Protein chains: 2
Amino acid sequence: MATIQDVARRAGVGVGTVSRVINNSPLVSDTTRARVQAVIDEIGYRPSTVARALSLGHSSIITVVAPFLTDPSVVLRLRGVASVVRESEYDLVLYDVEAPEQHAARLDDAIYGGRSAAVIVMSLAASGAIAQKRESSKVPLVWVDRRIDGVPCLTIDDHEGGRLAARHLLELGHRHIGFIGDRPDERFGFTSGDDRFAGFCEEIAASGLAVPGGYVRRVAHGMEDAATAMGELLALPDPPTAIFATSDLIAYGAIEAARARGVRVPGDLSVVGFDDIAMSAHIGLTTVRQPLFESGSRSAELALAMLAGDDVDTTAEWDLPLELVERSTTGPHR
Amino acid sequence: MATIQDVARRAGVGVGTVSRVINNSPLVSDTTRARVQAVIDEIGYRPSTVARALSLGHSSIITVVAPFLTDPSVVLRLRGVASVVRESEYDLVLYDVEAPEQHAARLDDAIYGGRSAAVIVMSLAASGAIAQKRESSKVPLVWVDRRIDGVPCLTIDDHEGGRLAARHLLELGHRHIGFIGDRPDERFGFTSGDDRFAGFCEEIAASGLAVPGGYVRRVAHGMEDAATAMGELLALPDPPTAIFATSDLIAYGAIEAARARGVRVPGDLSVVGFDDIAMSAHIGLTTVRQPLFESGSRSAELALAMLAGDDVDTTAEWDLPLELVERSTTGPHR
DNA sequence: CGCCGGTATGGAAGCGATTCCACCCTAGCG
DNA sequence: CGCTAGGGTGGAATCGCTTCCATACCGGCG
């Protein structure tokens, strides 16, 4: 691999001049610039990112830490990040966290390991340490899907999301509405399921109704468990005519279970999901859409802005807009 | 950020000694090691990856170049890579290629840009340049889902996959078998669809039957187009009783279109997919399973082995095993 | 007791870029 | 015509690590 020295020698100039040419400094005469550029092209020289990073004191890497690709919603977020990072001069590195135990270590490594210019964290809780050590590092941090003090956050209003789903079902005339959600303590201590449930209940209570305990199920792992739960609900003497599922995956499971029992969706049963992952548009699932792709792209834009030295309010919390997308798994009661 | 100098000063030793401690060199006395380690722990020192890379002459990055996360099968492959890389001391960087035009540039950058210790390429064709310049770089290369001269490849036998699907349908008694595949020239010049089709036809011909031209559809973009195509096939005066789809996504679309028309699957129509992406197990799709996750993990293992200096046959081509997974979208004819 | 081999150690020389400082040269001014 | 200001340039110092070489120290052997 050619170095800047080789180019300098061959072009008969100093390394400083070559560096200036590479970095488009105006302090080079046109003739010199042309000569150097010619040599660069000729021998196919490419500056070493590594040496550049060391010299500059910061790398060209944006690290994403996420509970990884098992969940389609995370993948969609990641696509958002990638779409922005791709257009920048930064590289995207992926730190996946499959087990909750790993996450503190991975996070620490990403932030304080010196490898990252900026770090984007998705859906993970901050280890206590992060919050404290926060100031000891100048690495820009952005948090997605979780609120952390002193770090710009991109979140949604889960509570409102629950209300949105309930309202839609209520407006369709449903009075017997069930709920299938993630088990609250599952995996990384997510609380969004709880908040969605709370909003859901509140909206229903606002119409003078209530959600009977028997209509509420918490499941551990996506589709299969959701299907089982749906089966139980349908076996009830007075089964619900509508279901709010806190994720699209859960909704898929519920729909499958219903159809397997000859219960028509949306004829006999309406189902609302949450997320709007890519598949849901295809399948025609009615769902509370959260801007997953956008959460990724905006977090990357934020990181880039901080990297560029723009003043970003580190205490800011952006609530991304939620929207009920009505498709073909919900319909009027009876 | 503390440097190796700080540690050395504080521990009253030379930088060389600290370096030896960090790298577990045996040439350090136990007492010295303990003292240095204590200082390291105390001030929370972490060696700079960047400086290390520059000094060592190679980075700690494994780059994956892939037509990115739009396709669930690529995501599954990526998960395989991530699962292996995570356990190593390398970082995983993602170069996504959304448009075919980008791909040569991205590839070049990944391989010759000096940022990667090794590069894993998925599903992309090699630009002519790659093949030529091959020797000019010592960066280990692994290719997945495509055959490239002089580079270890992880592929499948698409032809055989097509036969597998046809055989299964034939064995179930079907005689009117349709085909829905990717448009051959689509996106990045994939040819696997053609090969699967060829194998499929061959197997059918082997039973003395033929695939009428009217039973064959090529679609551009996954589910929607597949659904349309399926609709056309079902509208035929003598519609097929079974379908081979060259991807699970296409199979989903076909099934949806069938059910929307009251055609029961597998009662009236059997559908075989190809890939076995995560969702397919949930949905109960019969499909030709290709080891997507494994293709990723093995490619990473290969890359790691080459990095470790193990002798890997660069002309090797590994054909990963294909397997027909029978679930609930295929059944006996009539 | 002196010497030798080997173990521990300190520190200088790289790795390949950036950047700052010193220097040269030329054009413009008095 | 001499001096200055400033654009263009070369090259040393620097970033934080690894590694090699020189040196120091130890015990055992002749």
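As the structure is a computational prediction, the values presented were derived from the model and not from experiment. Residue numbering restarts at 1 for every chain, and letters A, B, ... go by the order of the sequence lines.
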Heavy-atom protein contacts under 4.0 Å, nucleotides 13-23 of chain D, coded B base, S sugar-phosphate only, - none: --BBBBBB---

Round to a whole Å and report the spacing from [atom1] of [X] to [atom2] of [N].
| X | N | atom1 | atom2 | result |
| --- | --- | --- | --- | --- |
| B:R33 | C:dA8 | CZ | P | 10 Å |
| B:D30 | C:dT7 | CG | P | 14 Å |
| B:R115 | C:dA17 | CZ | P | 13 Å |
| B:R35 | C:dG10 | CZ | P | 8 Å |
| B:H58 | C:dC15 | NE2 | C1' | 12 Å |

Contacts of B:R298 that satisfy salt bridge (Lys or Arg N to Asp or Glu O under 4.0 Å) - sequence neighbours left out: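 Applying salt bridge (Lys or Arg N to Asp or Glu O under 4.0 Å) to B:R298 gives none.
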
Please check if any side-chain donor atom of [X] sits under 3.5 Å from a side-chain acceptor atom of [Y], or the reverse.
| X | Y | answer |
| --- | --- | --- |
| B:D319 | B:T155 | yes |
| A:Q290 | A:R77 | yes |
| A:S25 | A:N23 | no |

A:R146 (side chain) donor-acceptor with A:S123 (main chain) under 3.5 angstrom: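 Checking the backbone N and O of A:S123 against the side chain of A:R146, a donor-acceptor pair under 3.5 Å is found.
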
Distance under 6.0 Å and angle within 45° of ring axis: B:R79 vs B:F293: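 The answer is no; the distance or angle limit is not met.
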
Sugar-phosphate only, base, or nothing, as touched by B:G114 at under 4.0 Å among non-hydrogen atoms: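 No contact at all - B:G114 keeps every heavy atom at 4.0 Å or more from the nucleic acid.
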
Sugar-phosphate only, base, or nothing, as touched by A:T49 at under 4.0 Å among non-hydrogen atoms: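 A:T49: no heavy atom of the nucleic acid under 4.0 Å.
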
Phosphate OP1/OP2 of D:dG7 contacted by A:S29 side-chain N/O (<4.0 Å):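 Negative; the distance criterion is not met.
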
